[in-house]
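Here the structure is laid out as structure tokens; the discussion comes afterwards.
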Amino acid sequence: MKFATWNVNSLRVRLPQVLDWLETHPVDVLCLQELKLPQDKFPLDAFKELGYQAQWAGQPTYNGVALISKTEGTEVQRNIPGFEDHQQRLIAATYPSSAGPIRVISAYCPNGQDLDSDKYIYKLNWFAALHDWLQEQLEQYPLLAILGDYNVAPTDLDVHDPKKWEGKVHVSAPERAAWQKLIDLGLHDAYRLFDQDSPGFSWWDYRRGAFRRDAGLRIDHALVSNALKPHSQACYVDKDPRSNEQPSDHTPVIVQFNL
DNA sequence: ATGCCAGTATTTTACTGA
């Protein structure tokens, strides 16, 4: 099995690229973020024509997440239970595998904007709520993967210019502590389970020729549970879509399992 | 310190992103 995550920064604009990518890179579940689509504008038929099912949580203008899958997910959960949130940032569903049901989560963690912003407080609160809910989910679903745009670069290895980013949003100590709390639940950063010959950047700023200079961040991640870890076979970034005409500023991250 | 670029909504800019 393969799962992937891709922040598409508007599914309306990026739909042809997503369909092209799925045709050439079939996966069992593709987690999308930043649909920027109202719930009733999701292009379900386009995915069905490719043989995929889809479940999503949309809202106008901002946010929005989806699970595109070969088989339709069950036990679908939108947003974090008990966490009052008008922003559509999370969707979870269960899929069959040879080792039993796997819980897959597509997450668009808040950006935070700046350390002195209300949005930064919201980001930390969101991570705290995610942590508590994941703890319950892991008890219920030992095989669990949560993929998405975390808007956190876990270490300086994940930052093109750590000095320039020092203390800023995406790398600040409280954000990295929130990430570590997720890891401490018994989750593993799939990219770091394997020898890598690239920093694994998954996002490059549209400005200043950042992609050409490889001035990126590794902020899109796949976390796998203790029980799923031994089934993990590879994790890699596909940089190609970042070279497309009219690209998203993020590119897909893929994790492969022997299931 | 700010805009650089991109998308959206409304518009002749503002907001957000990261």
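These numbers come from the heavy atoms of this one structure, side chains and all, not from hydrogens, waters or symmetry mates. Chain letters run A, B, ... following the sequence lines, proteins first, then strands; residues in each count from 1.
The side-chain tip of A:Arg218 does not point at the ring of A:Phe201 from less than 6.0 angstrom away and within 45° of straight on.
No hydrogens or angles considered: nothing links the side chains of A:Asp238 and A:Trp6 as a donor-acceptor pair under 3.5 Å. For the 3.5 Å distance criterion, the side chains of A:Asn111 and A:Lys119 fail to qualify, holding no donor opposite an acceptor.
To the nearest whole angstrom, the two P atoms, one in B:dA18 and one in B:dG7, are 14 Å apart. Taking the P atoms as reference points, B:dA6 lies 23 Å from B:dT10, given to the whole Å. A distance of about 26 Å separates the P atoms of B:dT2 and B:dT11, rounded to the whole Å. A gap of 30 Å separates the P atoms of B:dA1 and B:dT12, to the nearest Å.
Residue contacts for A:Lys168: at a heavy-atom cut-off of 4.0 Å it reaches no nucleic acid atom on any strand shown. Among the protein residues, A:Asn111 comes within range of the nucleic acid bases, having at least one heavy atom under 4.0 Å from a base atom. At the heavy-atom level, A:Tyr150 lies nowhere under 4.0 Å from the strands shown. If you check every strand for non-hydrogen atoms under 4.0 Å, A:Asp114 touches nothing.
Checking the phosphate oxygens (OP1, OP2) of B:dG7, a side-chain nitrogen or oxygen of A:Gln246 falls inside 4.0 Å. The side chain of A:Tyr108 contributes an N or O atom lying less than 4.0 Å from OP1 or OP2 of B:dA18. For the OP1/OP2 pair of B:dA6 and a distance below 4.0 Å, the side-chain nitrogens and oxygens of A:Ser248 include no atom meeting the criterion. Neither OP1 nor OP2 of B:dG17 sits under 4.0 Å from any side-chain N or O of A:His250. Dashed line: the shortest gap from a side-chain N or O of A:Arg14 to OP1 or OP2 of B:dG7 is under 4.0 Å.
Straight-line distance from the CH2 atom of A:Trp203 to the C1' atom of B:dA6: 12 Å, rounded to whole Å. Counting to the nearest Å, the P atom of B:dT16 and the CZ atom of A:Arg89 are 12 Å from each other. A:Leu11 places its CG atom 19 Å from the P atom of B:dA6, with the value rounded to the nearest Å. To the nearest angstrom, C1' of B:dG3 lies 9 Å from CZ of A:Arg208. Between the C1' atom of B:dA18 and the CD atom of A:Gln113 lies a distance of 10 Å, rounded to the nearest Å. Put simply, CG on A:Asn9 is 14 Å from C1' on B:dC15, counting in whole angstrom units. As rounded to whole Å, 14 Å separates atom C1' of B:dA18 from atom OH of A:Tyr62. Rounded to whole angstrom, the span from the CD1 atom of A:Ile219 across to the C1' atom of B:dA18 amounts to 6 Å.
Here the side chain of A:Asp205 is nearest to one of B:dA18, B:dA9, B:dA6, namely B:dA18. Taking only side-chain atoms of A:Thr61, from C-beta outward, the nucleotide of B:dT8, B:dA18, B:dG7 with the closest atom is B:dT8.
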Can A:Asp214 and A:Lys239 be said to form a salt bridge (charged side-chain N to carboxylate O under 4.0 Å, His left out), step by step? CA-CA 11 Å; A:Asp214 201 22; A:Lys239 284 175 76 170; 3.7 Å; yes

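Aromatic ring centroids of A:His231 and A:Phe257 lie 6.0 Å or more apart.
Between A:Pro110 and A:Val13, the residue anchored closer to the 5' end of DNA chain B is A:Val13, taking for each the nucleotide with the nearest heavy atom.
Residue A:Tyr150 is tested with A:Trp203, A:Trp179, A:Tyr191, A:Trp126 for a ring pair (Phe, Tyr, Trp, His ring centres under 6.0 Å); the sole match is A:Trp179.
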